[in-house]
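Worksheet: the structure to be examined is printed underneath.
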Amino acid sequence: MATRSLWRAGRSLALVSAAVCGGGAGAVIATSDDPPTTLKLFTAVPIRLVRDSVTAASIIVDYEYSLWGLPEGSVERSKIKHEVHVRSAHKLQELCFRNGGIYIKLGQHIGQLEYLVPQEYVQIMRESMLNKCPVSSYDQVCEVIKKELGDTPDKIFSEFDRSPIASASLAQVHVARTHDGQKVAVKVQHSHMTDTAAADYATVDLVVKTVHQFFPTLDYRYDYAGAFVPAGYLSMVLDYRKIRYRRSRCQELDFLLEAKNSEKCLDNFRKLSPHIADYVYAPKVYWNLSTSKLLTMEFMDGAQVNNVKAIQRLGIQTNEVAKLVSQAFAEMMFRHGFVHCDPHFANLLVRPLPSSKRSILGKRKPQLILLDHGLYKELDFQTRTNYAALWKALIFADANAIKENSVKLGAGEDLYALFAGILTMRPWNRVVDTAVDHLVIQGDDNERSELQMYASQYFPQIAELLRRLPRVILLMLKTNDCLRAVNNALMHGSSLQTFLIIGKVSSESLIEAKLLQKKSLLCWLNVWFDELLLGARLFGMQIALWLLQLRKALPW
């Protein structure tokens with residue numbers, strides 16, 4: 001019955017969209033300020049809508065009939081479920097590639113949700129969406145460069161590699177060399193992006209809402225397509241991006257803004273976090289060879305942050321990289337209030353710190369290279385301090401402070417425990433556990449299954465929580481997902497050291513905020529006491545960390 005309903009829903013969607021687009025298209029196109037672009041939109045929407053509906057129906061039918069009658073928990077059911085997960089993930093992958101644009105972004109984000117989405121989806125999306133996106137032809141690249149810079153690539157550059165070294169949802173990157181011999185990376189926007197961005201938002205939004213309307217329980221049924229388990233989350237992220245598109249005319253498509261973001265990011269580290277400024281880097285921008293659709297940057301050599309073997313070949317320890325990533329993003333969130341919100345694997349490179357020398361053991365210090373600065377979010381002072389206070393409370397298992405700051409951020413008094421669980425991927429009893437390693441995730445299959453079970457069990461409440469939260473906090477959740485995936489790749493789980501860093505930076509930022517607000521003698525005494533208390537607590541956690549490491553190292 002459910003399957004037939006979905007097929008009818010998909011068919012109805014296609015027919016309605018065709019009727020609306022066909023019947024009203026002539027009038028709208030004729031009165032539009034930009035008829036060619038409007039025509040492209042009316043052409044793109046029904047095609048994408050049909051693809052979306054057919055793919056959704058196909059996935060759900062596959063689950064419905066493949067698992068029909070198989071006992072829950074049986075070996076045969078587990079085997080068949082794995083096969084359906086793989087088939088469905090490939091169908092979703094094909095849909096993302098065929099539609100491109102925002103679909104690639106959503107596919108990338110699914111690849112980061114390893115504790116919510118079945119591993120088959122995570123693995124397939126992660127392998128394909130970050131480095132194997134569809135590419136524009138060389139003729140299309142030439143067309144963009146000539147339009148933006150006034151001439152063809154072979155005239156603008158002394159060398160220009162026709163094959164891109166990377167391609168993403170919005171653009172692709174070519175290696176080139178300037179006439180003065182500098183090796184550069186040229187980021188060229190896909191020529192179709194501006195025309196189809198609005199259509200992408202419209203069709204994805206419509207399909208998510210339609211699937212939810214016809215199948216309200218689908219959001220939290222784990223057996224049904226894992227791709228739809230985080231549907232509420234993705235719809236909230238999509239809704240945020242759609243509003244952002246309307247307000248800013250799609251800032252991610254403005255490469256000059258991206259260039260300014262990269263410079264502001266480094267400037268923040270130099271001014272507000274000088275102790276790690278040398279350890280964080282962004283490529284130099286060649287402004288004379290950059291426009292809103294073309295960005296020419298210094299070419300960077302480095303290992304992708306999840307490539308453990310490549311990092312080790314550079315003489316860098318992976319635990320040092322994990323610490324640096326945690327430190328850099330904690331500084332952005334809690335001190336700068338200007339956050340890089342797309343830290344997936346392809347956007348983070350690691351190289352040896354240029355000024356460092358090898359230690360006696362042959363090790364080098366790492367430098368983190370931040371790429372793709374198109375998606376940043378600025379946190380106002382109140383949001384930043386509340387978010388820092390919440391993370392401090394989570395690290396030190398302070399239940400009252402967790403509730404207080406969760407409520408301030410919009411979770412409400414009834415869902416604050418769930419909000420803490422989403423941030424940490426820990427059940428409430430672990431969140432408030434006083435053990436020093438209460439937030440550490442081991443990353444094994446049993447723990448992953450437990451987390452997916454919680455996500456399935458509480459998904460209605462999760463959807464309600466995500467509806468309440470401010471858009472900026474939704475984007476912080478997305479950033480947390482990416483950082484959690486990075487940490488898991490480097491450490492095969494999470495590490496206590498990471499939480500020590502978050503606790504230290506969040507606490508220090510709150511102390512600095514107090515000093516900015518009040519400058520009385522009593523305030524100074526309170527701050528001094530807070531610093532003493534923080535130092536004692538962090539020292540205690542560090543001792544506990546050393547003892548845990550010693551216990552693991554001992555043979556008995």
Side-chain angles (χ1 to χ4, degrees), residues 102 105-106 109 112-113 116 201 204-205 208-209 212 219 230-252 257 261 264 268 329-343 374-394 400-425 428 431 455 458-484 502 505-506 509-510 513 517:
I102 186 64
K105 286 286 185 184
L106 293 179
H109 193 50
Q112 308 294 326
L113 297 175
L116 292 178
Y201 286 118
V204 176
D205 185 44
V208 168
K209 289 179 179 177
H212 180 70
D219 278 343
Y233 186 9
L234 290 179
S235 67
M236 292 297 171
V237 173
L238 174 69
D239 194 29
Y240 172 83
R241 296 173 67 89
K242 184 171 61 178
I243 290 174
R244 187 174 182 273
Y245 172 78
R246 289 171 180 168
R247 290 178 180 172
S248 62
R249 301 188 65 83
C250 210
Q251 293 180 3
E252 281 185 89
L257 178 63
N261 286 343
K264 181 176 179 178
N268 283 340
F329 279 87
E331 297 283 339
M332 281 191 267
M333 289 180 186
F334 307 135
R335 273 203 172 97
H336 307 174
F338 187 67
V339 187
H340 186 307
C341 291
D342 202 13
L375 183 58
Y376 270 77
K377 186 59 186 175
E378 198 151 3
L379 308 181
D380 61 65
F381 180 81
Q382 198 61 49
T383 301
R384 178 168 62 84
T385 52
N386 289 339
Y387 195 58
L390 174 57
W391 269 106
K392 176 187 175 183
L394 290 168
N400 291 331
I402 291 172
K403 179 178 180 180
E404 177 187 349
N405 290 287
S406 295
V407 171
K408 286 181 179 178
L409 289 169
E413 295 195 358
D414 55 333
L415 295 178
Y416 70 91
L418 183 61
F419 184 37
I422 289 177
L423 281 170
T424 61
M425 287 295 165
W428 178 249
V431 170
Y458 293 106
F459 207 90
Q461 292 90 335
I462 292 174
E464 169 60 20
L465 173 65
L466 296 175
R467 185 191 65 78
R468 294 182 189 178
L469 292 174
R471 305 299 171 183
V472 63
I473 300 301
L474 289 177
L475 209 51
M476 291 301 100
L477 292 180
K478 173 185 180 293
T479 304
N480 283 340
D481 288 335
C482 293
L483 294 175
R484 189 178 290 113
I502 294 173
V505 178
S506 61
S509 69
L510 291 171
Q517 289 179 309

Which atom pairs, donor and acceptor, lie under 3.5 Å between side-chain atoms of residues 405-412 and protein residues at least two apart or in another chain?
unit_1 : atom_1 : unit_2 : atom_2 : d
Asn405 : ND2    : Ala401 : O      : 2.9
Ser406 : OG     : Ile402 : O      : 2.7
Lys408 : NZ     : Glu404 : OE2    : 3.3

Indicate yes or no: at least one non-hydrogen side-chain atom of Thr383 is less than 4.5 angstrom from one of Ile473.
-> yes
What one should report as the nearest heavy-atom pair of Ala388 and Ser506 is O-CB, 3.5 Å
Would you confirm whether Arg384, through its side chain, and Glu378, through its main-chain N or O, come within 3.5 Å as a donor-acceptor pair?
-> no
Qualifying residue, where the test is side-chain contact (heavy atoms from CB on, under 4.5 Å) with Met333 and the options are Val505, Ile502, Leu483 | Leu483
Are the side chains of Tyr416 and Leu465 in touch, meaning some heavy atoms are under 4.5 Å apart?
-> no
Side-chain donor/acceptor of Lys377 to backbone N/O of Met476, under 3.5 Å = no
Enter the distance from Leu415:CG to Glu464:CD here, rounded to the nearest 0.5 Å.
-> 6.5 Å
Give the C-alpha distance, both sets of side-chain angles, the deciding distance and a yes or no for side-chain contact (heavy atoms from CB on, under 4.5 Å) between His340 and Tyr376.
-> CA-CA 5 Å; His340 186 307; Tyr376 270 77; 3.7 Å; yes
Would you please classify the geometry between the Phe334 ring and the Tyr387 ring as parallel, tilted or perpendicular, with 30° and 60° separating the classes?
-> tilted
Check ion pair Asp481-Lys478 (N to O, under 4.0 angstrom) | no
Once you round to the nearest 0.5 Å, how far does CG of Leu475 lie from OG1 of Thr479?
-> 5.0 Å
What distance separates Leu466 CG from Phe419 CZ, expressed to the nearest 0.5 Å?
-> 9.5 Å
With side-chain contact (heavy atoms from CB on, under 4.5 Å) as the test, would you mind laying out the steps for Val472 and Asp380 before giving the verdict?
-> CA-CA 10 Å; Val472 63; Asp380 61 65; over 6 Å; no
Stepwise side-chain contact (heavy atoms from CB on, under 4.5 Å) test for Leu477 and Leu469 = CA-CA 10 Å; Leu477 292 180; Leu469 292 174; 4.0 Å; yes
From CH2 (Trp391) to OG (Ser509), nearest 0.5 Å = 13.5 Å
